[in-house]
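Chain naming here is simple, since letters A, B, ... match the order of the sequence lines and numbering starts at 1 in each.
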Protein chains: 2
Amino acid sequence: MTGDGLDRSRKAGKTYKRIVEHIRGEISSKKLRPGDRLPPEANLARSLGVSRPTVREALKVLESQNVLRSSTGPTGGTFVEAIDGAGVAEYLKDSISLLLDVDELTLEELWEVREVTEVTAAELAAVRRTEQDMFVIEKTVEMDELKEGVYIVSDISFHRAIAEASKNRMLSLFAGSIHMTLRTLAERYIMPEDVLPEVKRISQQQHRLIYEAISDQDWALAATRMREHLQLSYGVYERAMPRGRSGRIGKQPPAGDARLGTGQVDAPRR
Amino acid sequence: MTGDGLDRSRKAGKTYKRIVEHIRGEISSKKLRPGDRLPPEANLARSLGVSRPTVREALKVLESQNVLRSSTGPTGGTFVEAIDGAGVAEYLKDSISLLLDVDELTLEELWEVREVTEVTAAELAAVRRTEQDMFVIEKTVEMDELKEGVYIVSDISFHRAIAEASKNRMLSLFAGSIHMTLRTLAERYIMPEDVLPEVKRISQQQHRLIYEAISDQDWALAATRMREHLQLSYGVYERAMPRGRSGRIGKQPPAGDARLGTGQVDAPRR
DNA sequence: CCCAGATAATTTGTCAAACAAATACCGTCG
DNA sequence: CGACGGTATTTGTTTGACAAATTATCTGGG
């Protein structure tokens with residue numbers, strides 16, 4: 001029982017990366033399943049023949065990918081998370097936000113994809129929706145109509161519910177990542193009072209109409225109405241977003257301009 | 001020279017995560033740009049008021065996200081990578097593959113999204129393509145027709161070129177992640193001789209026809225032909241993929257069954 | 001003067017050992 | 001029986017050191 005773990009002879013790349021691949025492989029092949037607990041870091045290090053800091057680099061990478069989660073204490077440890085689209089979408093949100101920030105992506109491009117994604121979701125939902133789905137969607141519609149709460153939040157809940165009703169987890173993942181991105185953008189740039197009551201009212205009506213089209217399983221109508229609704233929604237974000245590359249629009253530092261130490265960026269060497 | 005970096009009072013969460021957020025923030029706000037060199041780990045640790053292993057945990061996370069890259073030596077160090085969709089798509093590929101492996105996603109779902117994504121790309125490409133785009137696309141078509149090379153590779157190049165021609169980087173990101181996933185699947189499951197010559201021939205014809213439709217800026221025809229082509233392509237993958245949840249289909253360990261040490265998974269504690 | 005090879009310097013990569021912090025368990029005492 | 005405090009377990013974090021990789025620099029020979 002050598003149990004030596006990582007093949008040391010085939011050292012393809014950095015150690016921590018091999019460990020990451022190794023653990024991902026264990027999950028792929030279902031030798032590790034969601035909920036499983038990994039051995040303590042010290043034991044892992046010993047079995048893999050590396051040091052604890054190196055193991056930790058790998059574990060932190062997987063934790064940041066929402067694949068593992070750690071906690072302290074006797075019942076704590078490192079556990080395999082549920083492997084589903086939610087964790088991926090969460091990660092994607094951060095990446096998309098970053099791309100927007102550095103102008104490697106525009107709201108127009110994002111919206112073009114949102115439209116095709118969500119119109120498709122509406123079509124599929126109209127065809128595949130269950131009673132259960134309709135119940136969930138209706139709840140979001142009502143939340144929207146009744147509550148004074150944040151418009152953006154209930155709006156996104158509505159769209160998320162439809163994506164779920166499409167019964168396509170890939171579509172739901174992509175749509176979800178866009179929804180999370182929009183929520184982040186809204187939190188950053190949209191004050192609740194910025195959204196005109198008029199817009200809210202129309203949006204709510206559109207939600208109701210989309211709901212009915214899906215309920216009637218009229219996929220063509222659902223698609224048309226969704227498309228129309230998204231055009232209205234676009235205006236809300238487009239108006240609020242900082243303009244092009246004119247002003248500096250970074251994530252504003254939250255009170256306490258933390259910055260890297262002096263000489264944060266070395267000048268090119270020559 | 002306080003330059004103390006991370007606000008120690010607001011210790012929201014683990015240290016390495018705050019550092020990750022901090023550096024991502026510097027990139028978002030463009031205080032750090034692609035190509036910039038970060039201070040040596042030792043200096044970073046000092047300016048941030050933490051230890052080097054902790055800094056490294058953060059750096060490794062960002063490296064795994066294709067945001068940073070490190071190398072050794074006097075001209076080495078840690079550098080900011082180009083922030084674009086490629087790195088994100090690369091990461092997404094791994095996540096999607098994992099979801100497929102653990103049956104949290106089916107090829108059908110993936111294909112449904114591929115279809116809507118690529119049909120849209122074809123439509124947009126037909127409208128927005130430049131002469132330059134057509135040149136690139138044509139090269140992939142020719143590579144397909146002339147070369148005896150791997151069918152899958154040239155096929156994916158073709159689709160990738162069209163996604164690029166759509167002039168939508170978000171769409172290109174999503175499509176690219178799917179393409180990379182398919183390439184991985186093909187490497188794992190599809191032997192070159194598994195693809196019937198008949199299928200290859202028809203596929204090449206379809207590529208040519210799609211090319212012409214895009215060249216003619218006939219977006220409706222491009223969409224129709226792309227849809228048709230994708231149906232053929234689906235068969236190639238569907239036939240090769242391991243069936244449902246019957247057989248174990250993990251990433252087969254490449255000669256040298258590395259596994260975690262004995263007792264890799266602790267039994268639940270109660 | 002120029003070139004080649006040895007040498008030094010710089011930076012990440014890795015390891016070792018220890019302590020701090022969080023948390024659950026368990027035994028004891030009121 | 002319940003509250004309390006100690007103890008064990010595990011991750012979180014620090015310190016210090018050395019190894020490995022890679023480039024700059026120096027030195028000697030042609």
Side-chain angles (χ1 to χ4, degrees), chain A residues 4-6 8-9 11-20 22-23 36-64 67-81 261 263-270, chain B residues 4-6 8 11-23 36-64 67-81 261 263-270:
Chain A
D4 215 356
L6 300 178
R8 216 131 184 31
S9 59
K11 41 175 50 194
K14 314 185 181 178
T15 307
Y16 89 92
K17 256 183 184 168
R18 278 185 296 145
I19 300 176
V20 167
H22 185 253
I23 295 179
D36 281 352
R37 181 193 195 180
L38 272 65
E41 292 174 355
N43 296 12
L44 258 183
R46 206 153 28 76
S47 8
L48 297 175
V50 298
S51 69
R52 206 178 137 215
T54 303
V55 167
R56 279 181 64 82
E57 288 176 6
L59 295 182
K60 295 304 111 180
V61 165
L62 289 166
E63 181 174 309
S64 80
V67 170
L68 299 180
R69 174 178 304 259
S70 301
S71 57
T72 63
T75 59
T78 304
F79 296 87
V80 180
E81 285 271 271
Q264 91 186 249
V265 177
D266 293 5
R269 268 297 167 97
R270 82 200 61 225
Chain B
D4 216 353
L6 300 178
R8 217 131 184 30
K11 44 174 50 194
K14 315 187 180 178
T15 308
Y16 89 91
K17 256 183 183 166
R18 278 184 296 147
I19 300 176
V20 167
E21 279 314 303
H22 185 253
I23 295 179
D36 282 352
R37 180 192 196 183
L38 272 65
E41 292 174 355
N43 295 12
L44 257 184
R46 206 152 29 75
S47 2
L48 297 175
V50 298
S51 66
R52 190 154 84 99
T54 303
V55 168
R56 277 182 64 84
E57 287 176 6
L59 295 183
K60 295 304 111 181
V61 165
L62 290 166
E63 181 173 309
S64 80
V67 170
L68 299 180
R69 173 178 304 258
S70 300
S71 57
T72 63
T75 59
T78 304
F79 296 87
V80 180
E81 285 270 273
Q264 90 188 250
V265 176
D266 293 4
R269 268 299 166 96
R270 86 196 52 230

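Relative to the side chain of A:T15, the nucleotides C:dT14, D:dT11, D:dT14 differ in distance, and C:dT14 lies closest. For A:T78, whose side chain is taken as the heavy atoms from C-beta onward, the closest listed nucleotide among D:dT11, C:dG13, D:dT14 is D:dT11. Side-chain proximity of B:R52 to C:dA16, C:dT11, C:dG13: nearest is C:dG13. Relative to the side chain of B:T75, the nucleotides D:dT13, C:dT14, D:dA24 differ in distance, and D:dA24 lies closest. Listed nucleotides: C:dT23, D:dT11, D:dT14. Nearest to the side chain of A:P40: D:dT11. The listed nucleotides are D:dT10, D:dG12, D:dT15; the one nearest the side chain of B:S51 is D:dT15. For B:R56, counting side-chain heavy atoms from C-beta on, the closest listed nucleotide (C:dT14, D:dT11, D:dT14) is C:dT14.
Nucleotide C:dA17 holds its P atom 13 Å from the CZ atom of A:R46, rounded to whole Å. Note: NZ (B:K14) to P (C:dA21) measures 17 Å, nearest angstrom. Separating the CZ atom of A:F79 from the C1' atom of D:dT11 is a distance of 11 Å, rounded to the nearest angstrom. Look at CD on B:E41: it is 15 Å from C1' on D:dA17, rounded to the nearest Å. For the pair B:L59 CG and C:dT14 P, the interatomic distance rounds to 14 Å; values are reported in whole Å. The separation between A:R37 atom CZ and C:dA24 atom P is 12 Å, rounded to whole Å. A straight line from CG of B:L68 to C1' of C:dG13 spans 16 Å, rounded to a whole angstrom. If you take CG of A:N43 and P of D:dT9, they are 12 Å apart, rounded to a whole angstrom.
Taking side-chain N and O atoms only, A:K60 has a distance below 4.0 Å to OP1 or OP2 of D:dG12.
As judged by a 4.0 angstrom heavy-atom cut-off over every strand, A:K17 is placed among residues making no nucleic acid contact.
The nearest heavy atom of DNA chain C to A:G73 and to A:Y16 marks one nucleotide each, and the one closer to the 5' end goes with A:Y16. Residue order along DNA chain C, read from the 5' end via each residue's closest nucleotide, puts A:E57 first among A:E57 and A:T72.
Using a 4.5 Å cut-off on side-chain heavy atoms (C-beta onward), B:I23 and B:L38 make contact.
To the nearest 0.5 Å, the span separating OG1 on B:T78 from CZ on B:R69 amounts to 11.5 Å.
Using a 4.0 Å cut-off between a side-chain N of Lys or Arg and a carboxylate O of Asp or Glu, B:E63 and A:K14 qualify as a salt bridge.
In terms of modelled atom types and a separation under 3.5 Å, the side chain of A:R56 and the main chain of A:S51 share no donor-acceptor contact. Side-chain N or O atoms of B:R46 include none that pairs as donor or acceptor with a backbone N or O of B:R52 at under 3.5 Å.
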